[in-house]
2 protein chains.
Amino acid sequence: MLTQQKTFTQQAVAVDVVLFTTIEDTLQVLLVARQQDPYAGQLSLPGGIVEREESVDEAALRVLKEETAITDVYLEQLYTFGEPSRDPRDRVVTVTYYALVNAEQLDTAAGSWHAVEELSDLAFDHQNIVQYAQERLRNKLNYTTIGFQLLPERFTLTELQNVYEVILGQRLDKRNFRRKMLQLDILEETDEFKINGRQRPARLHTFRQAKGMKLQERGLVVTF
Amino acid sequence: MLTQQKTFTQQAVAVDVVLFTTIEDTLQVLLVARQQDPYAGQLSLPGGIVEREESVDEAALRVLKEETAITDVYLEQLYTFGEPSRDPRDRVVTVTYYALVNAEQLDTAAGSWHAVEELSDLAFDHQNIVQYAQERLRNKLNYTTIGFQLLPERFTLTELQNVYEVILGQRLDKRNFRRKMLQLDILEETDEFKINGRQRPARLHTFRQAKGMKLQERGLVVTF
DNA sequence: ACAAAAGTGTTGCAAGTACACCCATGC
DNA sequence: GCATGGGTGTACTTGCAACACTTTTGT
């Protein structure tokens with residue numbers, strides 16, 4: 001198979017990953033400080049070069065693992081940027097991904113979280129990539145169940161509504177939201193409650209994939 | 001800029017394009033017969049290797065130009081396939097696109113049109129790519145105006161409905177369809193009619209982009 | 001006059017939106 | 001007993017789906 005000599009123009013293929021999480025009513029992305037030029041010292045998305053023996057998806061997962069101790073992640077391809085001028089060093093074609101995790105159960109080694117509404121001065125065109133990922137996430141929230149990827153296994157309906165409000169950037173009506181979620185038939189009540197200071201405890205629910213609503217067409221939920 | 005030596009793993013980057021058109025109540029794709037192994041003699045999508053000095057989008061346009069005398073085309077990136085085993089010769093990362101044209105005003109040199117419902121034995125994983133492109137097209141039809149890309153500049157409402165029926169794979173109610181289209185406020189009546197044999201002539205309309213409905217987020221409408 | 005496609009309105013149903021009060025708990 | 005978020009139902013509006021007949025032309 002691989003005996004034939006390479007005859008094709010060769011170039012570098014990279015991956016960049018927009019890793020989202022929700023922390024206290026804001027949507028955040030994981031960023032790392034660049035060590036080298038170009039853009040040394042500035043913040044950038046975690047990324048890396050795709051090696052010859054791995055798939056592009058695997059490269060994206062590897063990059064995530066290098067930055068965080070991720071155990072469970074939703075990962076979906078976003079867009080491929082192929083302008084020759086993107087990286088000043090060399091021609092690089094970059095395949096971008098976005099990913100969703102629940103930050104509570106996560107150690108992040110190298111990177112740090114930043115609110116998407118307050119990003120500035122990212123390296124390369126990474127600010128645009130984050131913005132595009134946010135648009136995609138916003139759209140998908142309305143016809144898939146990816147929102148649940150940002151929550152722990154058991155969650156309250158208020159926490160769920162919070163995820164929707166943070167991503168959509170607007171307040172939602174509590175009664176309408178709950179009715180809609182419940183009639184989708186994707187939630188399971190538990191017998192447990194979350195005690196939250198001095199208010200009435202909130203019932204915990206779990207997510208169960210149900211008829212009619214699909215998670216995605218082309219996305220991976222990976223458990224290491 | 002480009003003075004620094006390449007330090008990255010290099011590999012081949014290719015583009016494949018799914019070019020759709022509608023011909024007599026069927027959705028068709030442009031296919032070419034492969035001259036060389038692998039898959040010599042089988043039909044495949046038009047494609048090619050991305051050269052170092054062109055962007056990936058430009059490579060897709062170049063491929064289209066090589067196969068057809070295209071003058072006006074809607075082109076949108078579809079998905080990037082990066083499994084090491086896709087091409088048996090060498091590691092190739094393939095960026096796929098789909099495109100829409102009105103076949104009437106088009107010379108196709110090398111390729112030929114094939115009904116998407118009757119494809120068999122395509123090279124590589126091209127059958128899957130066509131299927132995925134079809135899904136994307138179907139979805140986008142419902143919230144964008146890409147359907148108009150398959151029509152000539154002036155068209156009848158019946159022709160428009162036909163495009164929708166062919167892509168969605170189902171019959172639509174004439175009255176509901178017309179009402180919906182008209183209230184979108186994207187059609188312009190002309191004073192001309194299309195005479196179609198021995199029936200009542202149909203009024204020709206033109207498309208004008210209007211408020212509220214966008215053509216796409218990330219698509220190109222290119223005029224050469 | 002007839003065949004064949006163009007063109008035109010109304011009604012019922014479902015989904016979405018707006019809106020306000022009682023409940024359970026900790027302090 | 002009061003402050004705090006948890007939890008619940010109804011009325012209105014809007015968009016979608018179903019449905020049949022008249023008009024214009026060519027032969």
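In what follows, every chain begins at residue 1, and chains take the letters A, B, ... in the order their sequences are listed. In what follows, every heavy atom counts, from backbone to side chain, and hydrogens, waters and symmetry copies are set aside.
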Measure from [atom1] on [X] to [atom2] on [N] and round the result to the nearest Å.
X	N	atom1	atom2	result
A:Lys194	D:dT4	NZ	C1'	16 Å
A:Gln183	D:dG9	CD	P	14 Å
A:Phe177	D:dG7	CZ	P	13 Å
A:Met181	D:dT8	CE	C1'	18 Å
A:Gln161	D:dG7	CD	P	11 Å
B:Leu160	C:dG7	CG	P	12 Å
A:Leu182	D:dT8	CG	P	8 Å
A:Arg178	C:dG16	CZ	P	18 Å

Next item on the list: Report which part of the nucleic acid A:Thr156 touches: base, sugar-phosphate, or nothing (heavy-atom distance under 4.0 Å, all strands).
Entry: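 Result for A:Thr156 = nothing.
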Next item on the list: Return the orientation label for the A:Tyr132 and A:Tyr79 ring planes: parallel under 30°, perpendicular over 60°, tilted otherwise.
Entry: perpendicular
Note to self: What's the closest nucleotide to the side chain of B:Thr158 if the choices are D:dG6, C:dG7, C:dA6?
What the structure shows: C:dA6
Next item on the list: Could you run through nucleotides 19-27 of chain C and give me one letter per nucleotide, 5' to 3': B if any protein heavy atom sits under 4.0 Å from the base, S if only the sugar-phosphate is that close, - if neither?
Entry: BB--BBBS-
Note to self: Is there a salt bridge (charged side-chain N to carboxylate O under 4.0 Å, His left out) between A:Glu76 and A:Arg136? Walk through the geometry before answering.
What the structure shows: CA-CA 10 Å; A:Glu76 183 187 323; A:Arg136 178 90 136 249; 3.3 Å; yes
Could you tabulate the donor-acceptor pairs under 3.5 Å formed by side-chain atoms of residues 116-125 of chain A, not counting sequence neighbours?
residue: A:Glu117; atom: OE2; partner: A:Gln134; partner atom: NE2; Å: 3.4
residue: A:Asp125; atom: OD1; partner: A:Arg86; partner atom: NE; Å: 3.3
residue: A:Asp125; atom: OD1; partner: A:Arg86; partner atom: NH2; Å: 2.7
residue: A:Asp125; atom: OD2; partner: A:Arg86; partner atom: NE; Å: 2.9

Next item on the list: Would you mind checking if B:Lys194 and B:Glu159 are paired as a salt bridge, meaning a charged N to carboxylate O distance below 4.0 Å?
Entry: yes
Notebook entry, point to check: So does B:Glu66 pair up with B:Arg62, basic N to acidic O under 4.0 Å?
Noted result: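 Salt bridge: yes.
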Checklist line | Side chain to side chain, B:Thr80 and B:Thr96, heavy atoms closer than 4.5 Å | finding: no
